[in-house]
Number of protein chains: 2
Amino acid sequence: MPTLSKETPRRGLDPAKVIDSALLLADTEGLAAVTLRRLAQSHQVTPMSLYRHFADKSDLLNAIADKLLADIDLPEPTGERWDRQLRAVMAAFVDALRPHPNVAGLTLTRILVAESGLVMAERTMELLIEGGFEPEYAAEVGRQAICSLIVLVTTEPGAGEDPEPEIREQSLRMKRATLGALDPKRYPLITSAADTLVCPTSTDRYYTLGIDLIVAGIRGVRQDPDA
Amino acid sequence: MPTLSKETPRRGLDPAKVIDSALLLADTEGLAAVTLRRLAQSHQVTPMSLYRHFADKSDLLNAIADKLLADIDLPEPTGERWDRQLRAVMAAFVDALRPHPNVAGLTLTRILVAESGLVMAERTMELLIEGGFEPEYAAEVGRQAICSLIVLVTTEPGAGEDPEPEIREQSLRMKRATLGALDPKRYPLITSAADTLVCPTSTDRYYTLGIDLIVAGIRGVRQDPDA
DNA sequence: ACAGTAGGTCTACGGTGTAGACTTGTCAAC
DNA sequence: GTTGACAAGTCTACACCGTAGACCTACTGT
């Protein structure tokens, strides 16, 4: 029997676990908190050890993005109309990103690389073509739609704010005050809608509206590419 | 006559010029190249000098964003339909950001702070309300629309790539190759549209389509907020 | 003439990503 | 069994970052 107390203490660094803790760290303290040193420390290991498993930091970040994309739970094709199905695909995408607004932006460059990103992209184009788009046009529209969805998540009201609820609430109050203090003669609409602008009514509504807007846009540019 | 050889060598650091060179630097070498040390060096000054004019780095970055926003050349109100006017406003916004895709994202947090951002936001809400939106709804829709426009610019095909044309071209070729090398059985649409996905036909078309998509979306969600 | 101050400098600190040479446990092949 | 190869982790060091705090110093208003 060889020398291994519990599954080879030598290989104590599971890349998957590193990614997990990196994601957790980003979720709780923001992307800037994800540091090789900090990550190494939390795994009781030297910073340089990480380089045995990741080419460099961006490689690790890409791995996080790929993990997010892998969480997409794409709905099975149904007999519904193309636009309803498209909406479902988009909702699935957003659902995968929503829990991690701080890192959602990382997926921008990985969609056409990661497996599940490719599957979603292919499916999206499929539905667009079924909806009557030319393949070229479908590619451009799909690209933009997916980008918009990502941004929907990264700019979710309150994303990027401090994680401490008190500081965050303080910051929001400050913004509202600043906006409310503007001259109502010059900015009547902004001042009166200050609350909504700073932080929309409900997060669910926010996402529903966001997706609706995109789907409606796609439907709208369908027949006449030259509007 | 006091001692000034040429306009007080003591005050050799014009904040406006610092912002200008920061913007230039970001445009040519990417946002990451904008460094206090580098900026100071290019103005023959110590890094700490910058702190006499900017509270910290983020303050300087905000100043860049404000400058971009100040470049917006908002069209005068006309008698046209609300949606056509809205389109013109959006086009003006995009025109201001387009020359600086690397820093366009900085404007996200400054629109409701900078003068010209506020003016544009107010005007946007005005038009939306003229189009029949409730004020609250207009705020949410407007917010999302403006975010989408910004992202349209930051994700412009080839943005964030290396500035050297050769490296950049190389990178694009690589991506196209990777995409084209996928299994056509699994990803028939992606592989056949690889070229368009990597880099859309024309930049102008790209922006036209992007704006069309957003305007069409707004038009589409107008009457039925609960679709 | 003098105090105040705005603008720029110097030094230093703690943080970052990462290159390169080194150690060491593990396993395969002779 | 012994011996190598090798994968995984370590150590040291470097260049760079933003910025705090004390300092100088030339100008300005009184």
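In the text below, chain A, chain B and the rest are named by the order of the sequence lines, each starting its count at 1. Just so it is clear, the values below take in all heavy atoms, side chains as well, and ignore hydrogens, waters and symmetry mates.
- In this model, the phosphate group of D/dA8 is not approached by any side-chain N or O of A/Ser49 to a distance below 4.0 Å at OP1 or OP2.
- A/His43 places its NE2 atom 17 Å from the C1' atom of D/dT10, with the value rounded to the nearest Å.
- Taking for each of A/Ala55 and A/Thr35 the nucleotide of DNA chain C with the nearest heavy atom, the 5'-most of the two is the partner of A/Thr35.
- Nearer the 5' end of DNA chain D, as judged by each residue's closest nucleotide, is the contact made by A/Leu50, out of B/Ala32 and A/Leu50.
- Between the CG atom of B/Leu61 and the P atom of D/dC17 there is a distance of 14 Å, given to the nearest Å.
- The separation between A/Leu39 atom CG and C/dT18 atom P is 13 Å, rounded to whole Å.
- Regarding A/Lys57, its NZ atom lies at a distance of 9 Å from the P atom of C/dT16, rounded to whole Å.
- A sub-4.0 Å separation between OP1 or OP2 of C/dG8 and a side-chain N or O of B/His53 is present.
- Here the closest non-hydrogen pair linking B/Leu108 and B/Cys147 is CD2-SG, 3.6 Å.
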(message) Set out, in order, the CA-CA distance, both residues' side-chain angles and the distance that settles salt bridge (Lys or Arg N to Asp or Glu O under 4.0 Å) for B/Arg205 and A/Glu140, then state yes or no.
(response) CA-CA 10 Å; B/Arg205 259 187 62 82; A/Glu140 298 201 47; 3.7 Å; yes
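- Listed for the A/Gln144 side chain is no donor-acceptor partner under 3.5 Å among the backbone atoms of B/Leu213.
- Here the P atom of nucleotide C/dG8 and the CG atom of B/Asp14 are 10 Å apart, to the nearest Å.
- For the pair A/Leu36 CG and D/dA15 P, the computed distance is 20 Å after rounding to whole Å.
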(request) Please test A/Glu115 against B/Arg186 for salt bridge (Lys or Arg N to Asp or Glu O under 4.0 Å), starting from the C-alpha separation and ending with a verdict. (result) CA-CA 11 Å; A/Glu115 167 82 14; B/Arg186 295 197 53 179; 2.7 Å; yes
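- Put simply, CZ on B/Arg52 is 15 Å from P on D/dT25, counting in whole angstrom units.
- Taking only distance into account, the side chain of A/Arg37 never meets the base of C/dG15 through a donor-acceptor pair shorter than 3.5 Å.
- In this structure, the CE atom of A/Met48 is 8 Å from the C1' atom of C/dG20, given to the nearest Å.
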